[in-house]
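Structure, as structure tokens:
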Amino acid sequence: MKEDNSKVILVIVAGFLIISAFFEFKLENQKTADYIRYVALAIGAASFLPPLERLIVWIWGKIAMVLGWINTKIILSLVFFIFLTPFGILSRIFSKGSNLKLKHDSDTTFVERNHTYTKKDLENIW
């Protein structure tokens, strides 16, 4: 468990250092990069105290859960609106009948199929 916490702290510190490099080189914002380095240094120093280390890892886990929940909603929404919605619209435009058989004349949507199964029906069923 201690080793896992140390790995998490190392990843957090490395992430902050990468972000600070981005601010320094790409955005040319030295002051913000320095503040981010101080945060990385503070988190790295706190890892030497086990209670603080566990607290940082716990907070990081909660942040990760929230980000995961938000990201899944965003990604699933994008997949739905970018891919599934156009296919649904095109299907409605170009299909002649309802594939779901929702509009029916009788009280049931049950379709009776009189079929005698043969050996060929059971070969390569997928």
Side-chain angles (χ1 to χ4, degrees):
M1 188 70 166
K2 169 76 172 143
E3 184 178 318
D4 291 338
N5 286 349
S6 298
K7 287 180 182 178
V8 171
I9 295 289
L10 181 63
V11 168
I12 293 170
V13 169
F16 276 117
L17 291 175
I18 290 169
I19 292 170
S20 73
F22 176 78
F23 272 95
E24 185 175 358
F25 296 117
K26 294 289 184 182
L27 302 179
E28 297 177 0
N29 191 341
Q30 183 65 39
K31 197 169 197 176
T32 305
D34 288 340
Y35 289 139
I36 294 172
R37 282 192 200 104
Y38 294 144
V39 170
L41 180 65
I43 290 173
S47 70
F48 290 106
L49 300 171
L52 282 177
E53 182 184 49
R54 284 192 298 272
L55 178 66
I56 291 170
V57 171
W58 181 81
I59 291 170
W60 187 256
K62 295 300 178 187
I63 291 170
M65 283 180 25
V66 169
L67 288 176
W69 184 83
I70 291 170
N71 284 338
T72 55
K73 304 302 182 230
I74 292 171
I75 291 170
L76 288 175
S77 297
L78 287 175
V79 166
F80 180 79
F81 286 111
I82 292 174
F83 295 108
L84 297 178
T85 302
F87 285 127
I89 293 170
L90 291 174
S91 174
R92 285 187 180 198
I93 291 172
F94 293 113
S95 67
K96 294 181 181 178
S98 173
N99 293 335
L100 297 177
K101 298 181 182 177
L102 296 176
K103 297 176 183 175
H104 50 82
D105 296 331
S106 63
D107 294 335
T108 181
T109 57
F110 180 76
V111 176
E112 187 173 329
R113 182 174 181 239
N114 292 322
H115 177 73
T116 304
Y117 287 97
T118 62
K119 180 181 176 184
K120 186 170 169 72
D121 291 331
L122 299 176
E123 293 176 1
N124 196 10
I125 57 176
W126 288 279

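Residue numbers run from 1 in the order of the sequence given. Just so you know, these numbers come straight off a predicted model, no measurement behind them.
- Interatomic distance, E24 CD to L17 CG, rounded to the nearest 0.5 Å: 11.0 Å.
- Linking ILVMFWY side-chain heavy atoms closer than 4.5 Å, directly or via other members, places W69 and I63 in two distinct hydrophobic clusters.
- In this structure, CZ on R54 lies 12.5 Å from OG on S47, to the nearest 0.5 angstrom.
- Contact record, F83 with F87: O-CD1, 2.8 Å, taken as the closest heavy-atom pair.
- Residues I89 and F94 share a single hydrophobic cluster, defined by chaining ILVMFWY side chains whose heavy atoms lie under 4.5 Å apart.
- The distance from the CD1 atom of I82 to the OG atom of S77 is 10.0 Å, given to the nearest 0.5 Å.
- Atoms CD1 and CD1, from I36 and I18 in turn, are 12.0 Å apart once rounded to the nearest 0.5 Å.
- In this structure, the separation between CG on N5 and CG on L52 is 12.0 Å, given to the nearest 0.5 Å.
- Rounded to the nearest 0.5 angstrom, L90 CG and R92 CZ are separated by 12.0 Å.
- Following chains of ILVMFWY side-chain contacts shorter than 4.5 Å, one cannot reach L41 starting from F22, and the two form parts of different hydrophobic clusters.
- Residues I19 and V39 share a single hydrophobic cluster, defined by chaining ILVMFWY side chains whose heavy atoms lie under 4.5 Å apart.
- Looking at every heavy atom in both residues, I43 comes nearest to I9 through O-CG2, 4.0 Å.
- Residues P86 and F81 approach most closely at CD-O, 3.5 Å, considering heavy atoms.
- In this structure, I56 and A46 approach most closely via the heavy-atom pair CD1-CB, 3.6 Å.
- A salt bridge links D34 with R37; the closest basic N to acidic carboxylate O contact falls under 4.0 Å.
- Two different hydrophobic clusters hold M65 and I12 under the rule that ILVMFWY side chains link at heavy-atom gaps under 4.5 Å.
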